[in-house]
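Counting from 1, the numbers follow the sequence of the chain as shown. Ligands are counted one by one from 1 in listed order, and the atoms in each one are counted from 1 as well.
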Amino acid sequence: MIKSVSTTPYQDQKPGTSGLRKKVPVFQQPNYAENFIQSIFDSLEGFQGKCLVIGGDGRYYNREVIQKAIKMAAANGFGKVIVGKGGILSTPAASHIIRKYKAFGGIILSASHNPGGPTEDFGIKYNISNGGPAPEKITDAIYARTKVIDTYKIADFADVNLDRIGKDELPGGTILSVLDSVEDYTALMEELFDFPAIRNLISLGFRIAFDAMSAVTGPYAKEIFENRLGAPSGSVRNFMPLPDFGGHHPDPNPVHAKELYDEMMGDDAPDFGAASDGDGDRNLIIGRGIFVTPSDSLAILAANANLAPGYSGGLAGIARSMPTSGAADRVAEKRGIGMYETPTGWKFFGNLLDAGMATICGEESAGTGSNHVREKDGLWAVLLWLNILAVRGESVQEIVTQHWQTYGRNYYSRHDYEGVDTEAANGLVTNLRSQLASLPGQSFGPLKVEKADDFAYHDPVDKSVSEHQGIRILFEGGSRVVFRLSGTGTSGATLRVYLERFEADSTRHNIETQHALADIIAAAETIADIRSRTGRDAPSVIT
Ligand code: G6P
Ligand code: ZN
């Protein structure tokens, strides 16, 4: 029944910011997925007889790997496997199901916002029993194991039926439970938010447009916005999850959700536009005529969360990744609550959430979430916005501008240089590192460097230290530029340049963003020598 299969290790299975991500043909090499899944199991202890959750975002190769993972989980001794119907679970729904059914952990198959299809991206990630991504201690152990693995275990039975909801005993005794992917998640959202208030707002003619980008949130969004909240049919677009996301890049930003963006900026725009990514953990928020940056969105949600039933008791604290703007810090300061600055990657929030130190977390990369699960959550962010809009009865534009008036505005933009030669990108970072000691005191146009460092995080809960998490150059007066290489790309290197300037004066809150940041953009170029080192005249994406 159980086969032990000899295998040879691959040397390139190092998990990045969010699990192992590679092109589909890489995953299709003999035993490639099996080696990684067995290495996950080999790095864990005490799961015999326990439950494993398995789900993915429905992208190309999802079903094949789910079948392998189920057979391997059974062979390795898990007592129960929970999968979403059709093998589909959004990342936040998977996190919720791990928590709700007290599973030992979960395997999530996704490459998030990266394109899908036969030659595009695939990914495997392991989440622990709190529902969150495995911490570095575990991902390091998995990587070490992949380099020496010589056998994996797999049960020898026919593919299971993923499309029939219900329980089955698999040969060998493991219980397979296929769940409705949407039900548990929707129930959780109904507990956290005032659905009647949102329903009422919509019934009064408030128009929403949600773009599921042909990805995993389609079925969730249809159920929640149209069926439960009464938005007219058609309010949720591109709601059929497709293995190649319709050939698009399922990344909810003004560049990849351009149609929605243009509609929201046009005449007769809906009141509220939103989108989510491939696996449902990111969000894009656009009001009529105004794009809300993820950093501002985090600050505004944190400042108003008490208007939603799930957060009426206030927040214990806020956490943000280091490159995320300091807008949320100002909210935390005013409220006298904790503020935590972590490295990029949702996994760093897990300890703070578990310890009750932070309630709401967010990242500039379009992720926001709370202690309701241990992943960022796209639909959660959209629902919290709708709850706030329903209670305040003001437009997105009014809420954002009032927020800036109260707290000041953090002008913010990210410039990405995608597919850069890896050596050139590493050279750029090494060069920056070598300047850290000499930068303070130097001036670039009107900006004078106050401090420059390579961000290191000291986790206040488990005391672990994570170094080299991004080069920060802080200027006098609160402006800054951060340089980091992406940990999620699959071809070449992606250089990210994060630019920020604080403006307290509300008469100066209406400057076009790139214009407002022009001095910092120029300083970043001079300091990092981006053009000549990358051979690029301009960023590939500006958000
Ligand atoms: C994933 C993680 C996020 C992180 C983002 C950064 O989406 O879940 O927590 O912020 O990657 O991506 P990057 O490409 O900048 O490493
Ligand atoms: Zn994602």
For [atom], closest protein heavy-atom neighbour:
| atom | value |
| --- | --- |
| atom 7 (O) of ligand 1 | Arg282 NH2, 3.0 Å |
| atom 2 (C) of ligand 1 | Lys376 NZ, 3.4 Å |
| atom 6 (C) of ligand 1 | Thr344 CG2, 3.5 Å |
| atom 12 (O) of ligand 1 | Thr488 CG2, 3.5 Å |
| atom 9 (O) of ligand 1 | Glu363 OE1, 2.5 Å |

For [X], counting its heavy atoms only, list the atoms of ligand 1 lying under 4.0 Å from any of them.
| X | value |
| --- | --- |
| Ser365 | 4 (C), 5 (C), 10 (O) |
| Gly487 | 13 (P), 14 (O), 16 (O) |
| Arg496 | 13 (P), 14 (O), 15 (O) |

Please confirm whether [X] comes under 4.0 Å of ligand 1, counting heavy atoms of the residue only.
| X | result |
| --- | --- |
| Glu364 | no |
| Gly345 | yes |
| Glu375 | no |

Would [X] pass as a cation-pi partner of [Y], given that its NZ or CZ must be under 6.0 Å from the six-membered ring centre and within 45 degrees of the axis?
| X | Y | result |
| --- | --- | --- |
| Lys347 | Phe349 | no |
| Arg330 | Phe502 | yes |
| Lys22 | Phe27 | no |

Would you check if Asp529 and Leu428 make a side-chain contact, meaning some heavy-atom pair closer than 4.5 Å?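 Side chain of Asp529 against side chain of Leu428, heavy atoms only: no contact under 4.5 Å found.
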
Quiz prompt | Min side-chain heavy-atom separation Gln11-Lys147 under 4.5 Å | solution =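 A side-chain contact exists here, since the closest heavy-atom pair is under 4.5 Å.
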
Name of the residue among Thr368, Thr342, Asp329 meeting side chain to side chain donor-acceptor pair (under 3.5 Å) with Arg320: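 Considering Thr368, Thr342, Asp329, a side chain to side chain donor-acceptor pair (under 3.5 Å) with Arg320 is found only for Asp329.
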
*asked:* Residue-level breakdown please: for Arg484 versus ligand 1, do any non-hydrogen atoms fall below 4.0 Å on the side chain, on the backbone, on both, or on neither?
replied: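 The answer is the side chain of Arg484.
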
Notebook entry, point to check: Heavy atom under 4.0 Å from ligand 1: found in Ser486's side chain, backbone, both, or neither?
Noted result: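 It is both backbone and side chain that touch ligand 1.
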
Is the shortest N/O to N/O distance between [X] and ligand 1 below 3.5 Å?
| X | value |
| --- | --- |
| Leu485 | no |
| Trp346 | yes |
| Arg414 | no |

N, O or S from Asp57 under 2.8 Å to the Zn ion (ligand 2) =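 Checking the Zn ion (ligand 2) against Asp57, no N, O or S atom falls under 2.8 Å.
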
Check: Any N/O/S atom of Ser112 sitting less than 2.8 Å from the Zn ion (ligand 2), backbone or side chain?
Finding: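 Coordinating: yes.
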
query: Do Tyr60 and Phe122 have ring centres separated by under 6.0 Å?
result: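 No: the rings miss the under 6.0 Å criterion.
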
**Request:** Count the heavy atoms of every other residue, nucleotide or ligand shown that sit under 6.0 Å from CD of Gln514, and state whether that count exceeds 12.
**Result:**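 More than 12 heavy atoms, drawn from other residues, nucleotides or ligands, come within 6.0 Å of this atom.
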
More than 12 heavy atoms of other residues, nucleotides or ligands under 6.0 Å from CD of Glu423: yes or no?
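No.
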
Between Lys125 and Glu375, does any side-chain N to carboxylate O distance fall below 4.0 Å?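 Salt bridge between Lys125 and Glu375, a charged N being under 4.0 Å from a carboxylate O: yes.
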
* **Carboxylate-amine/guanidinium contact Lys14 Asp12, below 4.0 Å** =>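 A salt bridge is absent here (no side-chain N lies under 4.0 Å from a carboxylate O).
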
Side chains of Asp377 and Tyr185: do they bring a donor and an acceptor to under 3.5 Å?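 Present: a donor and an acceptor within the cut-off.
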
Q) Which angle, to the nearest 10 degrees, do you find at the Zn ion (ligand 2) between OD2 in Asp277 and OD1 in Asp279? A)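 The angle at the Zn ion (ligand 2) comes to 90°, rounded to the nearest 10°.
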
Residue Asp281 atom name (nearest to the Zn ion (ligand 2); N/O/S)
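Closest N, O or S atom of Asp281 to the Zn ion (ligand 2): OD1.
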
